[in-house]
Amino acid sequence: DAKTTQPPSMDCAEGRAANLPCNHSTISGNEYVYWYRQIHSQGPQYIIHGLKNNETNEMASLIITEDRKSSTLILPHATLRDTAVYYCIVRVQGGTSYGKLTFGQGTILTVHP
Amino acid sequence: DSGVTQTPKHLITATGQRVTLRCSPRSGDLSVYWYQQSLDQGLQFLIQYYNGEERAKGNILERFSAQQFPDLHSELNLSSLELGDSALYFCASSGNRGYEQYFGPGTRLTVT
């Protein structure tokens with residue numbers, strides 16, 4: 001699985017958009033970008049994933065650069081409950097044997113009132 | 001609520017003992033994963049089972065073992081416990097496509 005690099009911490013004001021970057025310059029053509037978050041000692045929570053097109057769901061948007069070497073997770077209107085550690089993970093998608101998620105250090109996002 | 005349940009929530013035991021952690025996956029999910037989260041190592045993948053069979057192995061110690069039963073629930077057995085085994089243990093499950101993994105609330109193990 002490709003290695004990812006994320007800033008250790010970021011701050012965001014409540015109600016503003018939170019943009020969390022991730023570098024994955026060694027990503028392979030068959031590897032997807034996944035985002036998970038972990039709110040203080042709770043189980044990690046799946047947010048979104050994508051291959052090369054931008055993706056949006058009810059939680060967030062994922063913007064992947066054309067060369068796929070980096071991506072940005074966007075929380076459009078951050079709330080205090082979005083304070084968490086956000087993990088960017090790159091891995092081969094699907095199948096029954098490719099389940100392993102390799103978590104890095106992630107980005108600690110703190111949303112301020 | 002992810003639909004994945006884990007028991008017990010907390011476990012305190014002494015060094016040298018053996019414990020069993022239990023996980024029930026989301027309804028219909030065939031894959032179960034175990035992860036360990038300690039302060040110094042972060043979140044680490046231990047092992048994956050798919051429909052009763054071991055499919056992938058990570059940084060799992062020989063003192064640890066797991067299995068998945070016909071009803072798809074899984075158990076993680078930790079033996080000869082050491083102080084360093086104190087950690088949060090998470091179970092996750094996923095469907096056939098294996099896209100998203102849904103994590104349980106975890107079991108906090110404290111070895112004294």
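Per chain, numbering begins at 1; letters A, B, ... match sequence-line order. Just so it is clear, the structure is predicted and the values come from calculations on it, not from any experiment.
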State whether the number of non-hydrogen atoms from other residues, nucleotides or ligands found under 6.0 Å of A/Leu80 atom CG is greater than 12. yes
Portion of B/Leu43 that has a non-hydrogen atom of chain A nearer than 4.5 angstrom: both
With sequence neighbours left out, write down each residue that passes ring pair (Phe, Tyr, Trp, His ring centres under 6.0 Å) with A/Tyr87, or none if nothing qualifies. A/Phe103
B/Glu54 atom CD, over 12 foreign heavy atoms within 6.0 Å: yes
Within one Ile-Leu-Val-Met-Phe-Trp-Tyr cluster: B/Val32 and B/Leu46, side-chain cutoff 4.5 Å: yes
If one checks every heavy atom of B/Gln6 against chain A at 4.5 Å, the contacting part turns out to be neither
Given the rule that I, L, V, M, F, W and Y join up when any side-chain heavy atoms are under 4.5 Å apart, are B/Leu11 and B/Phe90 in one cluster? no
Using a cut-off of 6.0 Å, state whether more than 12 heavy atoms not belonging to B/Arg63 lie near its atom CZ. yes
Looking at every heavy atom in both B/Gln101 and A/Lys100, which two are closest together, and how far apart are they? NE2-N, 4.5 Å
A/Leu101 versus B/Tyr35, closest heavy-atom pair with distance: N-OH, 3.1 Å
Among residues 38-71 of chain A, which residues come closer than 4.5 Å to chain B, judged by heavy atom distances? A/Gln38, A/Ser41, A/Gln42, A/Gly43, A/Pro44, A/Tyr46, A/His49
Just checking A/Ile108: does its CD1 atom have more than 12 heavy atoms from other residues, nucleotides or ligands closer to it than 6.0 angstrom? no
B/Tyr102-A/Tyr34 co-clustered via ILVMFWY side chain contacts under 4.5 Å: no
